[in-house]
Amino acid sequence: MSDGTIDAVSIPVPARDPAPGKRWLLIGVLGLMAGTAPLSIDMYIPGLPEMALGFGVGDVAVQLTLTAFLIGLGAGQLLIGPLSDSRGRRTLLLAGTVGYIACSLICAWAPSVEVLVAARFLQGLLGAAGVVLSRAVLADRFSTQEVPRYFSYIAMVSGIAPVLAPLLGGVVVGHAGWRAVFGVLAGIGAVLLVGILVFVPESLPSERRTPGGIHRSFTAMGRLAVRPSFVRYLAVGAFAACALFSFISGATFVFQEIYGLSPTGYGLMFGTSCVGMVAAGLVFGALTRRFTVEHLLRAGVLVAFGGTLLLLVAWLCRVDGLAVAWVSFAVFMIGMGTVTPAVVTSVQREGADTAGAASALFGGTQFGVAALATPIIGLLGSGVGALAGVCAAAMALSALTLLTGRR
């Protein structure tokens, strides 16, 4: 697979497209579903230093709250995705959203960092339903030709989350403390629950479900895991996610403790950098009419790699500072704005015969690798060199897999 064409994959006929007005409401809710992960990560990131002081623990201990969430998010997708291929999407989506709300409230009242870590794991496990099923529902509802464009719109809607989340999180942390952030997340979950009830019908009718129950669904996921074209895009996305979440987990300490930004200032930096990611997602949607997804993915990976390399070279040359780090982060996020919808489109295309399993493998691998990567930054000292080195290495592997992994 080298030109974005479909190779040896049987594409099922999608469910009837919703009417134009309802279509955009559906896209908006699916975007919010996909946005629960960045909201749950980025909103509380400005409060990590305060959290460490409040619990009397080090940076590594509070970064485990992010690691636990990512592990739960990855495991939840691996379970919920294939399960939805045999049981349907809507019931699992509603149950997961209710669980996410409950776990958010537990996080807000956590008396110790250990309880918070456990609650964050469960929050990720149950909140995974919205993330994994947003991709599966989209693949169910729209034709193959429309999917890349709509994936870019979902990426744009969910991309607004990391723009607003750190800004909102910084304000909430600055005025009410980090615990209030999880109360806000519970409220967002309640809004999402209403949106699902009203605008997201069951997208996988019984005649299109995988026969044989959950075992058959996991068997389908196993077949995808040995499909070379699928694994190629899976690896590209996993390494890019490793860089993204390493940047997120380490940047709050670099920008606040090394460069002296306040939580609100960090939120402003993060939010403005993410504007580039949203803009890149919009451009991706427009360019899919003229260029293959494969070519756009290559461009995005190289831009993101360039951002991490800029920070690493500046640190090695001892010319790093707030301006350089800010520009590096912005360039990296612009690249990720193309990488994310391109990888999701490619993965779902290669696994279109079992959309839930494909979405689960992508999300589980992506967040599983990210969960392993985030503690590394803390263990290496949460400095500029560690942050730049880990992120540049991950993006180099992503680029190498993409450029040399063609059949």
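Along the sequence shown, residues carry numbers from 1.
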What's the separation between atom [atom1] in [X] and atom [atom2] in [Y], rounded to the nearest 0.5 Å?
X	Y	atom1	atom2	result
Leu234	Leu224	CG	CG	9.5 Å
Leu126	Thr97	CG	OG1	9.5 Å
Arg135	Thr345	CZ	OG1	11.0 Å
Leu83	Leu133	CG	CG	9.5 Å
Leu39	Leu32	CG	CG	7.0 Å
Glu50	Trp178	CD	CH2	8.5 Å

Taking all non-hydrogen atoms of both residues into account, name the closest pair between [X] and [Y] and its distance.
X	Y	answer
Thr401	Ala235	CG2-CB, 3.8 Å
Leu30	Ser134	O-CB, 3.6 Å
Val231	Ala225	CG2-O, 3.1 Å
Cys391	Ser246	SG-CB, 3.9 Å
Ala129	Gly96	CB-CA, 4.0 Å
Gly127	Leu73	C-CD1, 4.3 Å

Keeping [X] on the side-chain end and [Y] on the backbone end, is there a donor-acceptor pair under 3.5 Å?
X	Y	value
Arg87	Leu92	no
Gln123	Ala119	no
Glu202	Arg89	yes
Arg120	Leu66	no
Thr36	Met33	yes
Arg179	Ala110	yes
Ser398	Val236	yes

Do the non-hydrogen side-chain atoms of [X] and [Y] ever get within less than 4.5 Å of each other?
X	Y	result
Arg232	Leu402	yes
Leu204	Ser84	no
Phe362	Gln77	no
Val384	Tyr259	yes
Tyr233	Glu294	yes
Ile106	Leu116	no
Phe247	Val390	no
Phe239	Leu400	no

- Task: Sorted by first residue and then second, give each ring-ring contact (aromatic ring centres under 6.0 Å, His included) pair with at least one member in residues 25-51; sequence neighbours left out.
- Result: Tyr44-Phe182
- Item | From CA spacing to verdict: side-chain contact (heavy atoms from CB on, under 4.5 Å), Tyr100, Ser40 | CA-CA 10 Å; Tyr100 171 85; Ser40 302; 2.7 Å; yes
Please tabulate, for side-chain N and O atoms in residues 185-196, each donor-acceptor pair with protein atoms closer than 3.5 Å (sequence neighbours left out).
none

- Query: Phe284 and side-chain contact (heavy atoms from CB on, under 4.5 Å): which partner among Thr340, Thr338, Val339?
  - Reply: Thr338
- Check each of Leu94, Val29, Leu93 against Leu197 using the side-chain contact (heavy atoms from CB on, under 4.5 Å) test, and report the only one that passes. Leu94
Pairs of donor and acceptor atoms involving the side chains of residues 299-315, under 3.5 Å and at least two apart or interchain, shall be tabulated with distances.
unit_1	atom_1	unit_2	atom_2	d
Thr308	OG1	Phe305	O	2.8

- Query: So, do Phe69 and Phe121 have ring centers that fall under 6.0 Å from each other?
  - Reply: no
- Leu25 vs Phe199, side-chain contact (heavy atoms from CB on, under 4.5 Å): CA-CA, chis, key distance, verdict: CA-CA 7 Å; Leu25 290 172; Phe199 299 115; 3.4 Å; yes
- Item | Step-by-step side-chain contact (heavy atoms from CB on, under 4.5 Å) determination, Leu297 to Thr292 | CA-CA 9 Å; Leu297 177 57; Thr292 66; over 6 Å; no
